[in-house]
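Notes to accompany the following structure.
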2 protein chains.
Amino acid sequence: MSPRGRRPGGEDTRGAIVEAARAEFSRGGYDATSLRAVARRAGVDPALVHHYFAGKPALFAEVVGAPADPSALLGAILEGPREELGRSLARAFLQLWDSPEGRTRFEMVFRSTASHEESASLLREFLAKEVFGRIVAAVGDPSAPQERQRLRAGLAASQMVGLAVMRFILRLSWVAEASVDDIVDEVGPVLQGYLVR
Amino acid sequence: MSPRGRRPGGEDTRGAIVEAARAEFSRGGYDATSLRAVARRAGVDPALVHHYFAGKPALFAEVVGAPADPSALLGAILEGPREELGRSLARAFLQLWDSPEGRTRFEMVFRSTASHEESASLLREFLAKEVFGRIVAAVGDPSAPQERQRLRAGLAASQMVGLAVMRFILRLSWVAEASVDDIVDEVGPVLQGYLVR
DNA sequence: ACCGTTTTTCATCACGCGATGAAATATACA
DNA sequence: TGTATATTTCATCGCGTGATGAAAAACGGT
């Protein structure tokens with residue numbers, strides 16, 4: 001490969017490794033991704049990956065830990081008109097995931113979640129606390145018991161997760177090839193029904 | 001382990017291997033499951049797995065290929081009263097998956113789907129053709145373009161898949177611990193709205 | 001009682017994995 | 001210039017994997 005020793009130009013090798021890791025993790029998930037494959041893609045010796053990151057878990061944490069955090073996005077939606085909440089949510093999530101990086105991030109998290117119990121816990125707690133907990137708190141409908149509200153919020157989340165699975169993982173053509181607008185027309189009212197009663 | 005040679009009693013060793021494989025595939029999916037782990041669980045030498053099955057793919061095919069086929073179930077539902085279709089579907093799928101073996105099968109297929117592109121194609125085609133294609137054909141609403149109907153069927157499928165992911169994989173407590181009746185009350189009308197307009 | 005067949009373990013092979021410590025080279029700063 | 005430091009590859013180790021061929025033991029039919 002390259003000669004030994006430090007490279008001439010001021011290249012961001014560490015960044016290249018992270019980028020390569022993101023690509024590899026997003027196809028195949030956690031277990032199926034090898035440090036050697038990451039190194040290969042980054043054009044780098046496997047030992048260098050170990051030099052920068054303590055091990056595979058640390059590398060994974062680095063990759064998923066740099067979040068385009070959805071809190072801001074969510075806040076804006078929750079302050080919009082209440083009768084548009086379902087459609088706004090649907091559109092926001094779809095646009096978030098339809099971007100190339102969002103899509104990549106979703107696939108990555110999903111695949112790792114499926115194959116790695118630890119990731120599932122992380123994602124579960126994040127979703128419950130940071131996303132849907134906030135929604136429940138914001139659009140609270142006092143006429144229903146809290147249990148019911150939470151179930152409804154969970155089902156709204158289920159609809160979005162299922163949608164993403166169909167569109168990005170399973171790629172069922174009826175869903176994968178539909179336009180964002182058409183999907184928002186259908187899913188918006190459903191979310192509205194779950195969340196604002 | 002055991003002495004060499006054939007075992008005394010008329011044990012169904014092949015069946016034990018299949019059972020062990022089912023258990024192992026269902027936790028960890030395709031890639032993360034090793035033939036050695038299957039053999040270990042079955043109390044058998046790894047080479048014996050190879051004796052009965054040509055290799056890992058063949059073993060996997062054997063395990064997922066024995067289907068409790070949902071066609072019959074589906075047929076019964078489609079002949080029931082149309083205004084109950086959403087609730088019937090929701091209840092049927094939930095009961096199917098809530099049984100221990102159904103749950104296991106779902107986890108297995110899901111994990112393999114997530115980590116193995118080939119499985120995703122299989123599942124996609126099966127869902128489109130055998131399940132939701134039939135629903136669309138049966139409850140066809142001529143006032144909407146076929147494209148729209150198919151999107152709606154796909155979204156109904158998404159809701160059920162997402163529900164199962166939340167309940168069985170992510171185990172978000174709000175959804176995982178709810179009763180079947182409560183979920184049917186909420187999801188039934190949503191499916192009804194997607195499918196029968 | 002014999003012999004062919006089936007079932008089972010044993011002993012390997014080659015390979016890819018994650019990890020580690022040492023060596024080589026470029027940069028940074030005095 | 002000289003020397004400390006950061007960056008990078010090299011050479012391994014030990015382990016688990018999927019696969020294969022041969023040997024041993026029980027069964028089944030005659």
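Just so we're on the same page: letters track the sequence lines, and every chain starts at 1.
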Reckon [X] has a side-chain N or O less than 4.0 Å from the OP1 or OP2 of [N]?
X     : N      : answer
A:Y52 : D:dT8  : yes
B:T13 : C:dT7  : no
A:R14 : D:dT8  : no
A:S34 : C:dG16 : no

How many whole angstroms separate atom [atom1] of [X] from atom [atom2] of [N]?
X     : N      : atom1 : atom2 : answer
B:E24 : D:dT17 : CD    : P     : 11 Å
A:H51 : D:dT9  : NE2   : P     : 11 Å
A:I17 : C:dG18 : CD1   : P     : 14 Å
A:F53 : C:dG18 : CZ    : P     : 15 Å
A:R36 : D:dT17 : CZ    : C1'   : 14 Å
A:H50 : D:dT7  : NE2   : C1'   : 17 Å
B:E11 : D:dA25 : CD    : P     : 17 Å
A:D45 : D:dT12 : CG    : P     : 14 Å

Q: May I ask you to say what A:L48 touches in the nucleic acid, namely base, sugar-phosphate or nothing, with a heavy-atom cut-off under 4.0 Å?
A: base

Q. Any Lys/Arg nitrogen of B:E186 or A:R152 sitting under 4.0 Å from an Asp/Glu carboxylate oxygen of the other?
A.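 Yes, this pair counts.
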
Q | Derivation of the ring pair (Phe, Tyr, Trp, His ring centres under 6.0 Å) call for B:F110 and A:F110 | A | CA-CA 11 Å; B:F110 177 83; A:F110 177 84; 5.2 Å; yes

Q) Between B:R4 and B:P57, who's closer to the 5' end of DNA chain D by nearest nucleotide? A) B:P57

Q. Are the side chain of A:S26 and the backbone N or O of A:T104 linked by a donor-acceptor pair below 3.5 Å?
A. no

(Q) Closer than 3.5 angstrom, by distance alone: can the side chain of A:R167 be matched with the main-chain N or O of A:A178 as a donor-acceptor pair? (A)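 Side chain of A:R167 to backbone of A:A178: a pair is present.
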
Q. If you take atom types as modelled and just measure distance, does the side chain of B:R6 reach the base of C:dT6 with a donor-acceptor pair under 3.5 Å?
A. yes

Q) Relative to each other, are the rings of B:W97 and B:F106 parallel, tilted or perpendicular (30° and 60° limits)? A) tilted

Q.
On DNA chain C, compare the nucleotides closest to A:A47 and A:A37; which residue's is nearer the 5' end?
A. A:A37

